Protein chains: 2
Amino acid sequence: MGKKNKEPQVCFLPEGMRGPVAPGTRVDRAARNLGVDLQSVCGGHGKCGKCRIRLLNSAGAGQSVAALSPPTKQEAAFLSEEELREGWRLACQSRVLSNAAFEVPKESRSGLQLIRKQPGPKCVTPDPAVRSQTVKMPAADPTSPSSDWKRLAGQIAAGAGKNCLYPDAAMLKTLPETLGSGREVAAVLRKDGECIGLLAPTGRALTGVALDIGTTTLAAYLCDLYTGEVLATAAEVNPQISCGEDVISRIAYAAAEKAGRKELQHLVVKTVNRMIASACAQAGIAADSVADMTCVANTCMHHLFLGIDPAGLGRSPFAPVVTRGLDLKARDLGIQIAPGAYIHMLPAVSAFVGADTVGVMLAVDVYPAKETVLIIDVGTNGEIVLASGDRLVCASCATGSALEGATLSCGMRAATGAVERVRIEPETLAVEYAVIGSVGDKHAPAAGICGSGVIDAVSQMFTAGIMKKNGNLDRRCLAPRLKRNGNDVVFVVVPAEETAGGRDIVIDQDDIRAVQMAKGAIHAGVRLLMAETGARSVDRVVLAGAFGSVIDPVSALSIGLFPEVPPEKVSTAGNAAGDGARLALLSLTMRRRAAVLADKMETLELTAHPNFQREFAMAMHFPHMRPRHPGTR
Amino acid sequence: MGKKNKEPQVCFLPEGMRGPVAPGTRVDRAARNLGVDLQSVCGGHGKCGKCRIRLLNSAGAGQSVAALSPPTKQEAAFLSEEELREGWRLACQSRVLSNAAFEVPKESRSGLQLIRKQPGPKCVTPDPAVRSQTVKMPAADPTSPSSDWKRLAGQIAAGAGKNCLYPDAAMLKTLPETLGSGREVAAVLRKDGECIGLLAPTGRALTGVALDIGTTTLAAYLCDLYTGEVLATAAEVNPQISCGEDVISRIAYAAAEKAGRKELQHLVVKTVNRMIASACAQAGIAADSVADMTCVANTCMHHLFLGIDPAGLGRSPFAPVVTRGLDLKARDLGIQIAPGAYIHMLPAVSAFVGADTVGVMLAVDVYPAKETVLIIDVGTNGEIVLASGDRLVCASCATGSALEGATLSCGMRAATGAVERVRIEPETLAVEYAVIGSVGDKHAPAAGICGSGVIDAVSQMFTAGIMKKNGNLDRRCLAPRLKRNGNDVVFVVVPAEETAGGRDIVIDQDDIRAVQMAKGAIHAGVRLLMAETGARSVDRVVLAGAFGSVIDPVSALSIGLFPEVPPEKVSTAGNAAGDGARLALLSLTMRRRAAVLADKMETLELTAHPNFQREFAMAMHFPHMRPRHPGTR
């Protein structure tokens with residue numbers, strides 16, 4: 001703690017994302033590490049002027065200098081003197097010297113779908129699978145010229161005493177053009193002695209990419225393998241969506257379409273290559289210098305990425321083709337990084353519990369558990385793990401996509417214009433809401449409602465008495481926002497005049513049922529895991545996943561997404577699956593731990609369980625307890 | 001020896017190739033193992049009837065049955081009763097039961113270029129890099145279904161107690177379609193536990209391919225990895241010839257042409273794939289069941305096959321990119337065999353002494369040497385190795401292609417129509433010759449003269465006194481075949497009326513000079529190697545290489561290709577480089593031995609040696625000794 005207190009604290013508004021950074025950290029990297037959406041058109045070279053941010057509480061140049069490094073030439077080119085006085089800076093040009101708060105205006109954001117898969121603050125002692133060693137190539141002895149490789153290996157061995165060095169075949173192809181006698185080169189070496197690439201010895205860090213392949217979203221984190229710093233991130237929508245929204249429809253597509261499996265693999269690989277190129281451009285490095293890679297994914301995405309037939313995942317007995325951790329040559333998958341680099345696929349558990357959940361477990365680090373901890377990872381699917389004593393019992397819940405807002409009457413994904421927070425004043429039943437993309441007090445026009453907004457709304461409707469315990473809207477309630485439409489009743493979250501489309505944004509009875517189904521599936525699953533382990537209560541809950549990181553813990557508790565725990569015992573872990581991939585990228589110890597965790601995790605097949613239907617029916621109802629939000633009376 | 005005497009001996013005429021075979025061996029395989037050219041259009045299934053051969057000295061059905069298995073239905077379909085009585089059989093349908101001699105008629109030969117790269121009779125205890133294990137897949141447990149791979153690995157481990165099993169990525173893709181629960185499958189496993197492929201458990205042998213990439217010729221041997229038997233061979237002209245006849249011009253092509261290096265690699269890979277497919281068709285197996293591969297090549301062909309820039313091989317200090325033995329995934333080179341199979345590249349020594357020479361040394365097995373042994377491998381280049389005590393000193397000689405017959409006035413490669421043997425009756429100076437492709441006493445029409453024919457002719461001209469010690473034709477000699485043409489004198493080997501082209505096939509003074517240059521380079525090289533090792537004489541000479549296997553040892557001795565040794569101390573080793581590849585394919589012990597040999601071999605750079613020019617000038621002359629052929633007076 002002592003060390004942390006000396007590190008400057010930064011805070012980005014309006015999100016309020018905050019955290020410590022090392023002195024001298026570039027503001028754009030600090031922002032990205034905290035998950036703040038920030039444009040970077042030129043890749044952080046001060047050439048586009050798009051990453052404008054404002055240092056807040058700036059009383060002039062004096063304080064600005066103290067909190068940040070002095071303005072650069074590039075900043076002077078894009079910012080007037082008056083703007084500089086007001087605290088405006090380019091995030092890629094300024095470095096944090098002491099505590100600072102920033103405003104990130106809307107125009108400095110990428111404005112694309114708000115992909116929340118941002119790296120979390122997890123720390124690990126780096127122990128990467130690759131290292132680089134700078135050597136100087138001696139000239140060949142003309143009387144007895146030994147091979148380029150032999151001379152290189154001799155130099156490496158002289159520096160590190162490594163005996164069993166061997167070359168990758170693709171690396172060998174680059175040897176003649178990279179090595180001139182007398183030139184220095186950084187050899188990239190795996191732990192077992194394989195030389196997988198040669199880099200110009202720029203003194204730059206060795207980098208790797210952690211990849212998270214979600215059903216809906218792909219995220220890549222370019223990391224410094226020695227410090228663990230995230231140098232750049234890239235995220236895109238999984239292009240397989242054009243072949244099916246969910247896992248089941250992708251399995252069907254792979255089976256039904258000619259070369260469907262190849263097409264699905266190609267779609268992801270192409271996008272991943274683009275993401276890597278983009279992240280590398282942001283960080284100013286060449287993609288073919290990326291020396292290592294790890295990947296988490298659910299088991300279907302995992303199989304499709306490897307070009308493996310996923311059919312077995314969709315039919316009884318639901319056996320995956322392979323679950324163990326794999327070290328593959330990235331080129332075997334068509335991934336364009338260093339010529340001989342590997343990609344480590346984290347281990348999966350079963351057809352339903354994938355390497356992504358193993359990544360979550362690696363990141364949340366609750367095993368072996370002193371208390372009973374429930375981990376819920378809500379993405380397009382919901383995975384739950386109960387850590388209790390020496391056991392890790394897990395299951396996948398068919399939540400549908402209601403909790404992501406996708407299938408609701410006015411639902412949308414968590415993008416600009418989505419209602420993400422809803423509060424209902426208990427006395428007046430007046431509605432307040434927050435929209436993604438709003439700046440300060442100025443609402444962005446609402447276009448729909450996303451997952452966290454739906455859970456908030458349902459929770460608040462229940463707390464305010466607008467909705468009954470069984471989920472029915474109370475027709476007798478006189479809330480002004482309850483609109484009767486013949487036999488139907490809907491709750492108006494945003495009236496038409498405040499929306500982008502000029503149409504009420506509502507929650508209807510079907511939406512409530514979809515939320516009930518989803519939360520009922522999770523809650524019932526948790527009950528069965530508890531029964532399996534003999535746990536009588538849950539001590540702590542960790543919400544993970546893109547959705548888990550935006551959900552309001554109290555609202556989640558209030559609708560009964562999981563059994564009762566004190567609200568302060570509910571925490572969010574952000575994109576923990578991606579964090580797990582990052583941890584495994586940085587540390588072989590973490591890879592070994594992932595193997596242990598995957599081995600330890602037991603999958604419970606919920607729908608086959610004799611008690612599931614009963615538990616599910618019970619869990620559909622809303623709980624008696626109505627936890628109050630701080631600030632509501 | 002006792003065992004060998006019990007094995008049937010077979011002999012194929014008119015070549016007279018003979019050797020022992022295991023009882024029950026198919027005649028076509030016996031023929032191919034001995035290097036006899038035999039058609040196999042249908043792949044040895046008795047469907048084309050093209051591999052007709054005649055059992056000689058057959059006195060009727062009685063003896064035929066004793067020497068060979070009874071005629072099959074397929075044979076009855078292609079051969080009349082009279083033909084069967086005369087001893088005609090299909091080679092692919094008949095099996096050797098006891099000693100037998102066969103006539104191979106011209107129409108049963110492929111008639112293509114006679115590629116002499118046929119496997120030799122070398123023996124080794126098989127100890128291959130891969131093994132197969134037949135396992136039965138258990139069904140997945142529906143309550144806790146483990147992955148296909150886990151169940152497979154469990155079965156393999158149960159059978160063999162192997163712990164560190166791991167799957168190849170490409171093999172995994174084939175897993176779902178190959179494995180059904182309850183189905184049997186043969187898992188192909190490497191020594192380190194990698195599972196590289198799955199085969200249907202046909203009870204067939206595990207097979208591998210030994211590949212010999214020569215500058216001019218490619219040869220592939222499909223072998224049974226357990227017995228070492230050569231199941232089929234395939235040979236083709238190296239298609240890179242279209243980009244340059246020799247190593248130097250290919251290096252130039254790779255440097256000068258855009259994507260030249262890629263093109264050269266692609267040409268060879270495409271041809272190798274076709275050869276593998278052809279050999280597999282002959283043996284009736286699928287190419288994707290070929291489980292292992294080894295390769296020998298000179299260092300330039302080696303680099304081009306791997307897609308490595310060969311430029312360094314053509315300029316001082318003549319450093320190769322890599323010489324050590326390499327285990328590469330065959331798919332990384334585009335070679336189409338089992339999905340996860342490797343190709344082992346034998347180690348090379350230097351830019352001039354390649355893995356082919358290491359293969360030769362593996363096959364001739366003279367290290368450590370009790371006597372001083374000289375190994376000469378004459379292909380498109382000439383490599384020489386002197387084994388003396390604990391030392392293995394080697395060099396490459398710029399022989400040009402005269403010894404292959406390619407650049408002579410009437411030269412041609414060793415194909416049908418080439419004069420391959422020449423005898424000059426010392427008294428009458430009458431000329432006898434043999435032509436490749438002749439049957440019995442009937443000459444095929446001569447079209448040119450190949451390497452062995454040239455050496456024979458020059459040797460005989462010298463022995464008969466037609467040519468002087470300095471290589472000049474003796475104008476005063478009254479040999480009827482010496483033709484004066486103004487100032488020029490030529491020796492007519494075949495008069496116009498006996499040739500295919502109606503033009504004399506001659507050897508002129510320039511041809512003799514080219515032979516002198518080539519033999520002088522080799523002889524001078526040997527002298528320098530002797531000086532280097534302190535050896536005062538050579539005890540034994542081994543002639544290897546496609547050319548070495550057809551050269552007449554006495555003629556070679558007579559022209560002074562190497563220092564004097566008793567003629568009975570000169571032996572031929574056939575395509576020893578290919579044999580070396582085959583030995584390494586069959587045995588990991590042999591691969592380790594190849595590494596030891598390559599490490600032990602010292603290259604002497606001849607042209608840089610201060611004494612080379614003097615030795616070369618001396619070696620140009622023909623020697624005093626004139627060894628006589630048996631049969632000449």
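Only a predicted model underlies this, so the values are computations on that prediction, with no experimental measurement involved. Quick note on labels: first sequence line is chain A, next is B, and so on, each numbered from 1.
In terms of heavy-atom proximity, B:Pro317 sits nearest to A:Pro142 at CB-CA, 3.9 Å. The two residues A:Ala140 and B:Ala319 have their closest heavy-atom pair at CB-CB, 4.0 Å.
Taking OH of B:Tyr166 as the start and CG of A:Asp327 as the end, the distance is 9.5 Å to the nearest 0.5 Å.
Of the listed residues (B:Met345, B:Arg331, B:Lys150, B:Glu605), the greatest number of heavy-atom pairs within a distance under 4.5 Å of chain A belongs to B:Arg331. Ranking B:Leu326, B:Thr174, B:Ile308, B:Asp141 against chain A, the residue ahead of the rest is B:Ile308, based on heavy-atom pairs under 4.5 Å.
A salt bridge between B:Asp309 and A:Lys173 is absent, with no side-chain N of the basic residue lying under 4.0 Å from a carboxylate O of the acidic one. Salt-bridge check for A:Lys329 with B:Asp332: failed, with every basic side-chain N at 4.0 Å or more from each acidic carboxylate O.
Of the two parts of A:Leu306, only the backbone, made up of N, CA, C and O, holds a non-hydrogen atom closer than 4.5 Å to a non-hydrogen atom of chain B. If you measure heavy-atom distances from A:Ala169 to chain B, the contacts under 4.5 Å come from both the backbone and the side chain.
With A:Asp148 as the partner, the side chain to side chain contact (heavy atoms under 4.5 Å, CB included) test is satisfied by one option alone out of B:Thr323, B:Val321, B:Val322: B:Val321.
For the pair B:Arg324/A:Pro167, a side-chain contact is recorded, criterion being any heavy-atom separation below 4.5 Å from C-beta on.
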